[in-house]
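See structure below.
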2 protein chains.
Amino acid sequence: MSKNNCPLHYTLNLIGTKWKPLILFHLLEGPLRSGVLQKKISGISNKMFTQTVRELEQDGLIAREVFPVVPPKVEYSLTDKGKSLENILRNMDEWGATFYKD
Amino acid sequence: MSKNNCPLHYTLNLIGTKWKPLILFHLLEGPLRSGVLQKKISGISNKMFTQTVRELEQDGLIAREVFPVVPPKVEYSLTDKGKSLENILRNMDEWGATFYKD
DNA sequence: GCAATAACTTACCAAAAAGTAATATAGTTA
DNA sequence: TAACTATATTACTTTTTGGTAAGTTATTGC
């Protein structure tokens with residue numbers, strides 16, 4: 001963590017990576033099974049998916065629920081903290097849509 | 001560039017890096033001389049600063065104005081496209097301020 | 001009793017991002 | 001004529017991030 005003055009730094013430390021905003025964005029519509037979520041994130045590797053959801057969970061942005069069945073079932077959902085990013089995520093998506101055709 | 005479905009991808013390709021949001025954020029208040037802007041971004045190296053503003057310029061988010069004097073004077077400012085990120089940047093900063101004390 | 005299943009985990013390697021330190025520039029001032 | 005200035009560039013190295021492929025688990029269904 002940098003000792004910079006503006007809080008934007010803190011935000012970037014939590015969601016300022018390649019995959020985090022995409023994972024959070026796809027969870028806005030509700031909880032998803034691990035495999036389903038992963039398939040929505042085109043291009044992500046097995047390893048990066050697991051690693052990224054682990055970090056999001058540690059930072060309190062998503063929750064992980066394990067169902068004790070075989071084969072395994074795991075669901076991810078946004079926490080309240082995660083949900084509070086909804087505006088930012090939707091604005092970023094909308095901004096991308098606006099400028100995509102330049 | 002990934003061939004993902006959601007426009008969020010495009011946004012992340014333009015501003016989804018360590019330093020870009022910080023540089024844009026500090027330009028929200030108006031144009032700044034190169035050296036002044038760089039000093040506001042605590043921790044950034046000489047190289048990364050130049051590299052990052054070059055990319056932001058290429059993507060049309062900031063403008064670079066060179067004054068032909070010695071020693072050199074260069075000013076950076078947001079373009080209209082850059083200014084259109086204002087809400088997103090301020091929301092991210094605000095979000096960071098809200099959760100920083102957890 | 002063997003394959004199929006979903007969700008990982010690990011070891012290993014490659015690629016990308018970032019840092020360091022030295023150097024260039026060219027007028028102005030001492 | 002030498003130092004100073006602000007901005008930038010380059011070569012080199014380190015750090016971080018990401019990818020691949022194989023292995024693990026434990027029950028179900030054939």
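The sequence lines fix the lettering, A, B, ..., with proteins before strands; numbering per chain opens at 1. Please read all numbers here as calculations on a predicted model, not as lab measurements.
Looking only at distances, no side-chain donor or acceptor of T11(B) sits under 3.5 Å from a matching main-chain atom of D93(A). Remark: side-chain polar atoms of T52(A) are not paired, donor with acceptor, to backbone N or O of K20(A) under 3.5 angstrom. With T79(A) contributing its side chain and A63(A) its backbone, the two residues share no donor-acceptor pair below 3.5 Å.
For Y76(B) and dT7(D), the shortest distance from a side-chain N or O to OP1 or OP2 is not below 4.0 Å. One finds a side-chain N or O of R54(B) lying less than 4.0 angstrom from the OP1 or OP2 phosphate oxygen of dT9(D).
Closest to the side chain of R33(A), from the set dT9(D), dA6(C), dT7(D), is dA6(C). Of all nucleotides listed (dT27(D), dA6(C), dC8(C)), dC8(C) comes nearest to the side chain of V74(A). Which of dA6(D), dT9(C), dA7(C) sits closest to the side chain of P72(B) comes down to dA6(D).
Atom C1' of nucleotide dT10(D) and atom CZ of F49(B) are separated by 18 Å, given to the nearest angstrom. Between K73(B) atom NZ and dA8(D) atom C1' the separation is 18 Å, expressed in whole Å. Across the protein-nucleic acid pair, I41(B) atom CD1 and dA18(C) atom P stand 14 Å apart, rounded to whole Å. Here dT7(D) presents its P atom at 13 Å from CD of E65(B), a figure rounded to the nearest Å. For the pair Q38(A) CD and dT9(C) P, the computed distance is 12 Å after rounding to whole Å.
Comparing R64(A) and V70(B) by the nucleotide of DNA chain C whose heavy atom lies nearest to each, the residue mapping closer to the 5' end is R64(A).
Ionic pairing of E29(B) and R90(B) is present here: one or more N-O contacts between side-chain nitrogen and carboxylate oxygen are shorter than 4.0 angstrom.
For the side-chain contact (heavy atoms from CB on, under 4.5 Å) test with I15(B), the passing option among L61(B), I23(B), D59(B) is L61(B); the others fail.
Here CZ of F49(A) is found 11.5 Å from NZ of K40(A). Values are rounded to the nearest 0.5 Å.
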Distances for protein N/O vs nucleotides 13-20 of chain D N/O pairs under 3.5 angstrom?
{"from": "dG18(D)", "atom 1": "N7", "to": "K47(A)", "atom 2": "NZ", "distance (Å)": "3.2"}
{"from": "dG19(D)", "atom 1": "OP2", "to": "S45(A)", "atom 2": "OG", "distance (Å)": "3.3"}
{"from": "dG19(D)", "atom 1": "N7", "to": "K47(A)", "atom 2": "NZ", "distance (Å)": "3.2"}
{"from": "dG19(D)", "atom 1": "O6", "to": "K47(A)", "atom 2": "NZ", "distance (Å)": "2.4"}

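Among the heavy atoms of the strands, none lies under 4.0 Å from F67(B). The residue T50(B) sits close to a base: some heavy atom pair falls under 4.0 Å.
Ring planes of Y10(A) and W95(B): parallel class, angle under 30° (limits at 30 and 60°).
In the helix from dG1(C)-dC30(D) to dA30(C)-dT1(D), the rotation axis of the first five pairs and that of the last five pairs differ in direction by 20°, rounded to 10 degrees.
The minimum heavy-atom distance between C6(B) and H26(A), with the atom names listed, is SG-CE1, 4.4 Å.
Checked against salt bridge (charged side-chain N to carboxylate O under 4.0 Å, His left out), E75(A) has no partners two or more places apart in sequence or in another chain.
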